[in-house]
Trainee: 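Sharing a structure here in structure tokens format.
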Amino acid sequence: MPADVLSRSVGFSLGSIEAALLVTTRLAGLFVFFPLPGAKSVASLAKIVFALSLTVALYPFWPKLQATESPMQLAAWALAESALGLAMGLTVAFLAEGVTLAMQIVAGQAGYSYASSIDPNSEADSGVLPVLGQLFASLLFFAIGLDGQLIRALAGSLETLPPGGDWNVLGPGSAGAVLRLPATLFSTALRLALPVAALLLILDLALALMGRINAQLQLLSVAFPAKMLLTLAMLAALAPAAALVYQSQGAVAMSALERLLAATPRALPPAPPR
């Protein structure tokens, strides 16, 4: 069926159909790295329906495109949209990875590295504390309200960086802000893990001194349960502080996302003299 006949049959112009496809491509790139637990176990049909529903919800922000008959031009637009969506998803994924890295550091010190569970993202065996950290980060993402900020940023990007437009996100102020996010990942992990790691180090020193003073004490059988219980108690006590750290790093990630989506249009070459 020809494209113009198809567009007349569904009641939309060919430009509107292309705009919907490009918006869906941007959303699909966003959800590739979106840290949603159990996303891989969801049926593919449910993911498609969710992406299409979100695309329809963003209908007032669709760009007004002129229909193109060039498949290469449409493929180039789709590639640019997927790259932008992937960059947006990475800014959110770095937040969850910071909490997961902190739990991984703590798990090695507390002895939880021997216990494994099922990672809800990759469905592979993973440590208990990293899985707990992923779930905690996902809950904080929705509890703090970062999901609403992400939707608003996505809707605003359809106006500042419309699909099919001539824009450039490789400037030093936009792409550089996203490239600096891995540094915040490690800083978040250290801020969350250092208090627990320091307390576990003090406990190890105390047990070592007690074993040195009295060699008859069998502290090895007591060390692992004590460290595990102390780690759980410290994580529960530091949960409000961890939420504040996550919120501050979320503000940094949203600021980087706003810089990415505020890229200026690409400068056109000067017109040749007549």
Side-chain angles (χ1 to χ4, degrees), residues 1-36 38-40 42-93 95 138 141-169 174-175 178 250 253-266:
M1 182 182 294
D4 54 349
V5 177
L6 178 62
S7 62
R8 287 196 299 268
S9 62
V10 298
F12 287 97
S13 64
L14 183 58
S16 299
I17 296 175
E18 292 178 354
L21 292 176
L22 293 177
V23 173
T24 307
T25 304
R26 183 178 296 190
L27 289 174
L30 170 64
F31 288 117
V32 168
F33 293 107
F34 190 79
L36 187 62
K40 288 191 175 182
V42 179
S44 301
L45 182 60
K47 298 179 183 178
I48 295 173
V49 171
F50 179 72
L52 292 178
S53 301
L54 192 55
T55 302
V56 174
L58 294 175
Y59 173 74
F61 302 94
W62 287 7
K64 305 298 182 181
L65 289 181
Q66 296 294 331
T68 176
E69 298 292 341
S70 174
M72 296 300 296
Q73 181 66 41
L74 189 60
W77 286 347
L79 183 62
E81 293 301 316
S82 61
L84 181 60
L86 290 174
M88 295 173 64
L90 281 175
T91 58
V92 181
L95 291 174
S138 300
F141 181 81
F142 292 100
I144 295 175
L146 294 180
D147 56 332
Q149 297 183 27
L150 182 62
I151 295 297
R152 286 192 294 269
L154 179 62
S157 70
L158 297 179
E159 297 180 351
T160 58
L161 300 176
D166 194 9
W167 39 262
N168 181 20
V169 295
S174 57
V178 178
M254 290 298 109
S255 176
L257 185 61
E258 291 177 358
R259 292 184 182 181
L260 177 68
L261 300 179
T264 57
R266 186 178 300 159

Trainee: Using the side-chain hydrogen bond (donor to acceptor under 3.5 Å, both in side chains) criterion, which residues pair with S82? Sequence neighbours excluded.
Mentor: none

Trainee: Does L158 have any side-chain contact (heavy atoms from CB on, under 4.5 Å) partners at least two apart in sequence or in another chain, and if so, which?
Mentor: V23, R26, L58, F61, P163

Trainee: Write down the atom of A78, the atom of L22, and the distance for their closest heavy-atom approach.
Mentor: N-CD2, 3.7 Å

Trainee: Could you give the distance from CG (L150) to OG1 (T91), rounded to the nearest 0.5 Å?
Mentor: 7.0 Å

Trainee: I need the full list of side chain to side chain donor-acceptor pair (under 3.5 Å) pairs touching residues 145-156, with sequence neighbours left out, sorted by first then second residue.
Mentor: none

Trainee: List the steps, then state whether side chain to side chain contact (heavy atoms under 4.5 Å, CB included) holds for L54 with I151.
Mentor: CA-CA 10 Å; L54 192 55; I151 295 297; 4.3 Å; yes

Trainee: Nearest 0.5 Å, what's the CG-CG distance between L84 and L154?
Mentor: 9.0 Å

Trainee: Looking at CG of L30 and CG of L90, how far apart are the two atoms once the value is rounded to the nearest 0.5 Å?
Mentor: 10.0 Å

Trainee: Nearest heavy-atom pair of L257 and A153: which atoms, and what distance?
Mentor: CD2-CB, 4.0 Å

